[in-house]
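This report refers to the structure that appears directly beneath it.
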Amino acid sequence: MASFYWYERNPELLQAEKAAMQQFFPHFKLQTLDDGRLYWVGTLNPRGKAGGTWTLMAIYQHDHPNNDARYGSSVRIYSIKPDLDELCRAAGSLPHVLVDEANHYYMCTSDRQYVKEGLHGDKKEYEATSAASSLAWAAKWIFIVEEWLEGELPTREVFADVY
C-alpha cells in the first residue's frame with residue numbers, strides 16, 4: 001500500500017527540496033505538523049532596514065507536488081509574524097492573498113502562467129513549485145506589500161497583476 005505522505009512516496013523529491021532550501025534559504029528549518037504535513041519556518045527581510053522581518057511558514061499540502069489551481073500551489077506561504085489575518089483587517093484588504101479551508105490568509109506566490117507546463121499523455125500539466133521558489137515569490141510579495149502599506153506604491157498597481 002502506498003504511503004499517504006508525498007515525501008514517503010517520493011524521497012528523491014524531498015531530497016531535492018532540502019537541497020534547494022539549503023542553497024537558497026539555509027536559515028529555514030524543516031518541521032512536521034501534527035497532521036503529517038512538512039513545513040519550513042524561518043524569517044525574511046526583503047527590504048533590509050527599510051522593511052520589517054517576517055516569520056514565514058512554507059507548508060506542503062498533502063497533494064504536493066500539484067499545481068492544479070490557477071493561483072497558489074501545493075506549497076502555501078503563511079506569515080506568522082506579522083499575522084496576515086490581522087494585517088488584512090488593519091489595512092482593510094491585502095493584494096494577492098488567498099484564503100484556506102480554515103479562512104486564514106496566505107500569500108499568493110504562484111500563477112500558473114509563470115510555471116513551466118508540459119504534456120503528460122493527453123493532459124496538460126504544470127510543474128509543481130518548490131518551497132524555495134514559493135519563498136522567493138513571497139520575498140517579492142513582501143517587498144511590494146510593504147511599499148504599498150507605506151504609500152510608496154499606488155493601489156491600482158499593487159492590486160493589478162504585478163507578478
task: Would you kindly confirm whether Leu149 and Met107 end up in one hydrophobic cluster when ILVMFWY residues are joined by side chain heavy atoms under 4.5 Å apart?
output: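 Linked within one cluster.
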- request: Indicate if Leu56 and Phe143 have the same hydrophobic cluster label, given that clusters are the connected sets of ILVMFWY residues with side-chain heavy-atom separations under 4.5 angstrom.
  value: no
Using side-chain heavy atoms (C-beta onward) and a distance below 4.5 Å, is [X] in contact with [Y]?
| X | Y | answer |
| --- | --- | --- |
| Phe28 | Leu135 | yes |
| Pro65 | Leu13 | yes |
| Leu30 | Met21 | no |
| Val75 | Ser130 | no |
| Arg47 | Glu150 | yes |
| Trp6 | Leu14 | yes |
| Lys18 | Trp40 | yes |

message: With ring pair (Phe, Tyr, Trp, His ring centres under 6.0 Å) as the test, pick out the partner of Tyr106 among Trp141, Tyr78, Tyr39, Trp137.
response: Tyr78
Atom pair [atom1]/[atom2] of [X] and [Y] - distance to nearest 0.5 Å:
| X | Y | atom1 | atom2 | result |
| --- | --- | --- | --- | --- |
| His104 | Asp85 | NE2 | CG | 6.0 Å |
| Leu94 | Leu87 | CG | CG | 5.0 Å |
| Leu84 | Arg89 | CG | CZ | 10.5 Å |
| Asn45 | Thr55 | CG | OG1 | 10.5 Å |

task: I would like to know whether Thr43 and His27 meet side-chain contact (heavy atoms from CB on, under 4.5 Å); could you show each step before the answer?
output: CA-CA 8 Å; Thr43 59; His27 58 286; 4.3 Å; yes
On a heavy-atom basis, which atom in [X] and which in [Y] lie closest, and how many Å separate them?
| X | Y | answer |
| --- | --- | --- |
| Phe25 | Ala136 | CZ-N, 3.7 Å |
| Gly36 | Tyr7 | O-OH, 2.6 Å |
| Pro46 | Leu44 | CD-C, 3.7 Å |
| Val99 | Asn103 | CG1-CA, 3.3 Å |
| His64 | Arg9 | O-NH2, 4.2 Å |

field: OH/Tyr105: more than 12 non-hydrogen atoms of other groups inside 6.0 Å
entry: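 No, OH of Tyr105 has 12 or fewer neighbouring heavy atoms, counting only those of other groups under 6.0 Å.
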task: Verify the neighbour count for atom CG of Asp34: are there more than 12 heavy atoms of other residues, nucleotides or ligands below 6.0 Å?
output: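 Counting neighbours around CG of Asp34, 12 or fewer heavy atoms of other residues, nucleotides or ligands fall under 6.0 Å, so no.
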task: Take His62 and Tyr5, measure what side-chain contact (heavy atoms from CB on, under 4.5 Å) needs, and give me the verdict at the end.
output: CA-CA 6 Å; His62 287 302; Tyr5 301 111; 4.0 Å; yes
query: Would you say the side-chain atoms of Glu17 and Tyr60 include a donor-acceptor pair closer than 3.5 Å?
result: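 Indeed, the side chains of Glu17 and Tyr60 share at least one donor-acceptor pair under 3.5 Å.
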